[in-house]
Amino acid sequence: MNTIDMRSDTVTWPTEAMRTAMAQAEVGDDVYGDDPTINRLQAMSTERSGKAAALFVPSGTMGNLIAFLVHCQRGDEAILGDLAHPFLYEGGGMAALGGVQPRTLPTAPDGTLALEDIQAAIRADDPHYPITRLIALENTHNRRNGVPLTKAYIDEVGQLAKQHDLKLHIDGARIFNAAVALGTPLAELVAAADSVTFCLSKGLCAPVGSLLCGSEDFIARALRLRKQLGGGMRQAGILAAAGIVALEEMVERLAEDHARAAALAEGLAAFEALSVPTPHTNIVRFELNPQAGLSGEDLLAGLAAEGVKIGMGGPWGFRAVTHYWIDDAALEQTLAAFSKVLQG
Ligand code: TLP
């Protein structure tokens with residue numbers, strides 16, 4: 001990368017191995033189910049997730065939207081956190097396209113929703129109310145500093161969902177970061193969920209694509225919705241080929257990104273102007289002290305002038321995300337840039 005880009009792990013380029021695999025991919029028309037590379041990626045995802053079936057979709061947003069639309073009918077209610085990606089950053093798709101009403105609950109600093117809050121939010125059978133149909137969790141939790149949700153917690157929510165005949169969906173855009181950080185295999189981590197999406201195009205470096213996993217019946221319905229939404233692609237094995245490399249080669253190494261995130265946070269915490277909570281995976285969120293003598297925009301512009309890009313949310317809040325293309329030298333350069341901008 002020409003600049004050090006830590007705005008997100010979505011900025012990652014495909015690796016050389018991915019580019020080679022893409023160039024050589026065997027392809028077919030996936031709308032006919034004829035693309036052998038897509039079929040292989042879906043089979044691998046089925047195995048990894050422990051679900052009966054999987055579907056390749058163009059984005060995490062589409063994967064989540066399809067899950068909401070399969071699980072819920074118009075007017076139904078979905079329980080999710082007030083900081084959940086599908087609530088904050090997916091264009092209100094569940095409401096706009098599915099007529100699904102989001103019922104948001106406070107998100108704890110550890111990314112969880114309190115079980116009592118979920119229990120209390122489940123609607124009684126009364127024609128005044130919408131029908132509660134779904135609980136959605138996010139793992140790792142983007143807005144909560146990349147914190148992973150444990151299997152124990154997910155199992156508890158799953159149990160509650162079952163007791164009330166609700167479905168459980170996991171937005172697992174970065175679930176492999178969670179699996180690696182917790183040392184829990186994906187299938188175990190999501191065993192209690194009815195559906196899960198995971199992204200290939202974040203820390204795993206594939207250029208495009210996510211997988212939606214669930215039961216055979218769920219995926220059959222998801223396939224119809226993917227077509228309705230225009231997400232049926234043709235020779236998309238070119239993309240899936242990179243996804244296969246992502247699953248085979250890029251998962252275990254996420255631990256390196258987590259270690260670099262910890263090192264970055266430690267380096268940043270040395271600056272008095274910054275408050276830096278300890279990161280859990282590859283997302284480092286921190287705040288600029290309003291008394292520091294420069295604005296958030298000043299910090300962003302100063303860093304950009306030094307070739308470092310990070311994300312900003314709110315006047316004083318920032319996010320830096322480590323990934324495959326951020327090596328130790330890039331970290332050093334980043335800390336030197338902060339030093340120059342904050343200390344002159
Ligand atoms: N998140 C993006 C932005 O949209 C904020 C990022 O840079 O982190 N779930 C979660 C938890 C996500 O973080 C994202 C992307 C998605 C879903 C959506 O994935 P895509 O971008 O593939 O639609």
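As the structure lists them, so they are numbered: ligands from 1, and atoms in each ligand from 1. Only this structure's heavy atoms are used, side chains among them; waters, hydrogens and symmetry mates stay out.
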> For Arg253, does the CZ atom have more than 12 heavy-atom neighbours from other residues, nucleotides or ligands under 6.0 Å away?
Replying inline: yes
>> One residue to check: Ser59. Relative to ligand 1, which of side chain, backbone, both or neither has a non-hydrogen atom less than 4.0 Å away?
In response: both
> Does an N or O from Arg319, backbone or side chain, lie closer than 3.5 Å to an N or O of ligand 1?
Replying inline: yes
> Is the number of heavy atoms from other residues, nucleotides or ligands within 6.0 Å of CG (Asp126) greater than 12?
Replying inline: yes
> Quick one: which of Lys167, Lys51, His169 gives a side chain to side chain donor-acceptor pair (under 3.5 Å) with Ser195?
Replying inline: His169
>> Give me the residue, atom name and distance of the protein heavy atom closest to atom 9 (N) of ligand 1.
In response: Asp171 OD2, 2.7 Å
> Is it the case that more than 12 heavy atoms not belonging to Glu248 sit under 6.0 Å from its CD atom?
Replying inline: yes
> Which residue owns the protein heavy atom closest to atom 2 (C) of ligand 1, what's the atom, and how far is it?
Replying inline: His85 NE2, 3.9 Å
> If you measure every N/O of Thr61 against every N/O of ligand 1, is any gap under 3.5 Å?
Replying inline: yes
>> Starting from atom 7 (O) of ligand 1, what is the nearest protein heavy atom, named by residue and atom, and what distance separates them?
In response: Ser8 OG, 2.7 Å
> What do you reckon, does Arg7 put a non-hydrogen atom under 4.0 Å from ligand 1?
Replying inline: no
>> By the definition salt bridge (charged side-chain N to carboxylate O under 4.0 Å, His left out), identify the one residue from Arg40, Arg226, Arg234 that meets it with Asp30.
In response: Arg226
> Got the closest protein heavy atom to atom 19 (O) of ligand 1, with its distance?
Replying inline: Lys202 NZ, 3.0 Å
> Step by step, would you call Trp325 with Cys205 a side-chain contact (heavy atoms from CB on, under 4.5 Å)?
Replying inline: CA-CA 9 Å; Trp325 298 97; Cys205 288; 4.0 Å; yes
> Is Met62 in contact with ligand 1, taking contact as a heavy-atom separation below 4.0 Å?
Replying inline: no
> Parallel, tilted or perpendicular: which describes the rings of Phe286 and Phe318, with under 30° parallel and over 60° perpendicular?
Replying inline: parallel
>> With heavy-atom distances below 4.0 Å as the criterion, list the atoms of ligand 1 near Glu90.
In response: 17 (C)
> Does any N or O atom in Asn142 lie less than 3.5 angstrom from one in ligand 1, N or O only?
Replying inline: yes
> At what distance is the nearest protein heavy atom to atom 22 (O) of ligand 1, and which residue and atom is it?
Replying inline: Gly60 N, 2.8 Å
> Quick one: does Ile310's side chain get under 4.5 Å of Arg319's, heavy atoms only?
Replying inline: no
>> Is there a side-chain contact (heavy atoms from CB on, under 4.5 Å) between His280 and Arg144? Walk through the geometry before answering.
In response: CA-CA 10 Å; His280 308 274; Arg144 286 300 193 207; over 6 Å; no
> When you measure from atom 8 (O) of ligand 1 to every protein heavy atom, which one gives the shortest distance, and what is it?
Replying inline: Arg174 NH2, 2.8 Å
>> Using a 3.5 Å cut-off on N or O atoms only, is Cys199 in polar contact with ligand 1?
In response: no
> Take atom CD in Gln163; do more than 12 heavy atoms of anything else shown fall under 6.0 Å from it?
Replying inline: yes
> At a 4.0 Å threshold, what atoms of ligand 1 neighbour a non-hydrogen atom of Ala173?
Replying inline: 9 (N), 10 (C), 11 (C), 12 (C), 17 (C)
> Nearest protein heavy-atom contact for atom 11 (C) of ligand 1: which residue, which atom, what distance?
Replying inline: Glu138 OE2, 3.4 Å
